[in-house]
Amino acid sequence: MNTLTQPLRDEHKELIPHIEKILEVADSLPDAPLEQLRTGVRDVYEFLAYHLIPHAQAEDAALYPAVQKALGSLDSTRTMTRDHIEVAHYIAELAQLQQELTPQNFKALQRVLYGLYALVKVHFAKEEEVYLPILEERLTAGEAAKMFAAMESAASHAKLAAQSH
């Protein structure tokens, strides 16, 4: 079924295996070999920093304003934006833990990974179950196309900025 919001649903489907990798790495603690953990944590961090954060920035720039307009309230997406802020805090903590990956910080690492996993999974569910049906009902095809073009542009800019750091 092709819907106005299908591009975002498709993008979420592409991101889900990477999100599941967060859980996989968390579950492997403390038993996995240290080198395997380093690789897993690095892969998770790179996904979060270079793919998920640009996705979140694109949502803030284009998706949420469309939802706000559809609902007639600037406050209607504040909880979702707050999720993005919390994800960024977790990613910063993950970056710190990644610098000194030792058995002494495995519990903290596991806490961060499980927190990220739960937060991102619930965030995606809220978008797909609440916001996307609203947009399906209230956006025209032209408005949807404009929104996705703005999201693509914002994500591209965010990815470039992330790679230059």
Side-chain angles (χ1 to χ4, degrees), residues 1-23 25-26 41-99 109 111-165:
M1 178 167 126
N2 194 7
T3 64
L4 292 176
T5 60
Q6 195 61 44
L8 188 56
R9 294 175 193 281
D10 291 343
E11 185 174 356
H12 282 178
K13 277 185 190 156
E14 290 174 20
L15 296 174
I16 291 297
H18 299 281
I19 294 163
E20 293 302 322
K21 175 75 172 179
I22 298 168
L23 180 61
V25 173
V41 170
R42 184 194 67 235
D43 291 349
V44 165
Y45 176 79
E46 287 178 359
F47 159 71
L48 294 168
Y50 303 117
H51 297 283
L52 191 69
I53 288 296
H55 172 84
Q57 290 171 338
E59 289 177 345
D60 288 336
L63 177 67
Y64 296 164
V67 172
Q68 292 165 352
K69 183 179 176 190
L71 293 175
S73 171
L74 294 177
D75 292 330
S76 61
T77 59
R78 287 181 62 187
T79 59
M80 299 300 275
T81 300
R82 182 64 184 92
D83 287 354
H84 291 169
I85 293 166
E86 194 61 26
V87 166
H89 288 269
Y90 274 126
I91 293 170
E93 193 172 353
L94 181 61
Q96 289 290 329
L97 291 167
Q98 180 179 227
Q99 296 303 313
L109 177 61
R111 174 187 52 77
V112 167
L113 292 170
Y114 282 139
L116 276 163
Y117 176 77
L119 184 57
V120 173
K121 286 283 282 198
V122 169
H123 182 84
F124 276 26
K126 290 187 291 187
E127 283 177 356
E128 295 210 4
E129 296 169 19
V130 179
Y131 287 160
L132 297 188
I134 290 167
L135 293 177
E136 285 290 332
E137 183 181 299
R138 301 184 187 180
L139 281 186
T140 66
E143 289 169 332
K146 207 168 155 182
M147 178 189 74
F148 284 116
M151 284 184 74
E152 183 63 36
S153 176
S156 294
H157 289 296
K159 285 179 183 179
L160 286 173
Q163 291 169 352
S164 68
H165 285 109

Which atom names give the shortest non-hydrogen contact between [X] and [Y], and what distance separates them?
X	Y	answer
Gln57	Ala158	OE1-CB, 2.6 Å
Pro54	Ala49	CD-O, 3.6 Å
Glu127	Pro133	O-CD, 4.3 Å
Leu135	Ala70	CD2-CB, 4.3 Å
Leu113	Val25	CD1-CG1, 3.7 Å
Pro17	Glu14	CD-O, 3.4 Å

Would Leu4 and Thr140 satisfy side chain to side chain contact (heavy atoms under 4.5 Å, CB included), going step by step from the backbone distance to the final call?
-> CA-CA 8 Å; Leu4 292 176; Thr140 66; over 6 Å; no
Working to the nearest 0.5 angstrom, can you tell me the gap between [X] [atom1] and [Y] [atom2]?
X	Y	atom1	atom2	value
Leu8	Leu63	CG	CG	6.0 Å
Phe124	Arg9	CZ	CZ	13.0 Å
Leu139	Ile134	CG	CD1	10.5 Å
Phe148	Gln6	CZ	CD	9.0 Å
His123	Ile19	NE2	CD1	9.5 Å
Leu74	Lys69	CG	NZ	12.5 Å

Do [X] and [Y] have side chains that get closer than 4.5 Å, going by heavy atoms?
X	Y	value
Ile91	Ile53	yes
Glu20	Lys121	yes
Leu116	Val87	yes
Val44	His18	no
Leu23	Tyr114	yes

Given 3.5 Å as the limit, does a donor-acceptor pair link the side chain of [X] with the main chain of [Y], or not?
X	Y	result
Thr77	Met80	no
Ser156	Glu152	yes
Glu46	Asp43	no

CZ/Arg138: more than 12 non-hydrogen atoms of other groups inside 6.0 Å = yes
NZ/Lys126: more than 12 non-hydrogen atoms of other groups inside 6.0 Å | yes
Going by atom types only, do Gln98 and Tyr45 share a side-chain donor-acceptor pair under 3.5 Å?
-> no
Are Thr5 and Glu136 linked by a side-chain donor-acceptor pair shorter than 3.5 Å?
-> yes
State whether Lys13 and Glu128 are salt-bridged, where the test is any N-O pair (Lys NZ or Arg NE/NH1/NH2 against Asp/Glu carboxylate O) under 4.0 Å.
-> no
Arg111 and Glu93 ion-paired at < 4.0 Å = yes
Decide yes or no on side chain to side chain contact (heavy atoms under 4.5 Å, CB included) for Thr3 and Leu132, but give the supporting numbers first.
-> CA-CA 10 Å; Thr3 64; Leu132 297 188; over 6 Å; no
Please check if the distance between the ring centroids of Phe47 and His55 is under 6.0 Å.
-> no
Check: His84 ring centre within less than 6.0 Å of Tyr64 ring centre | yes
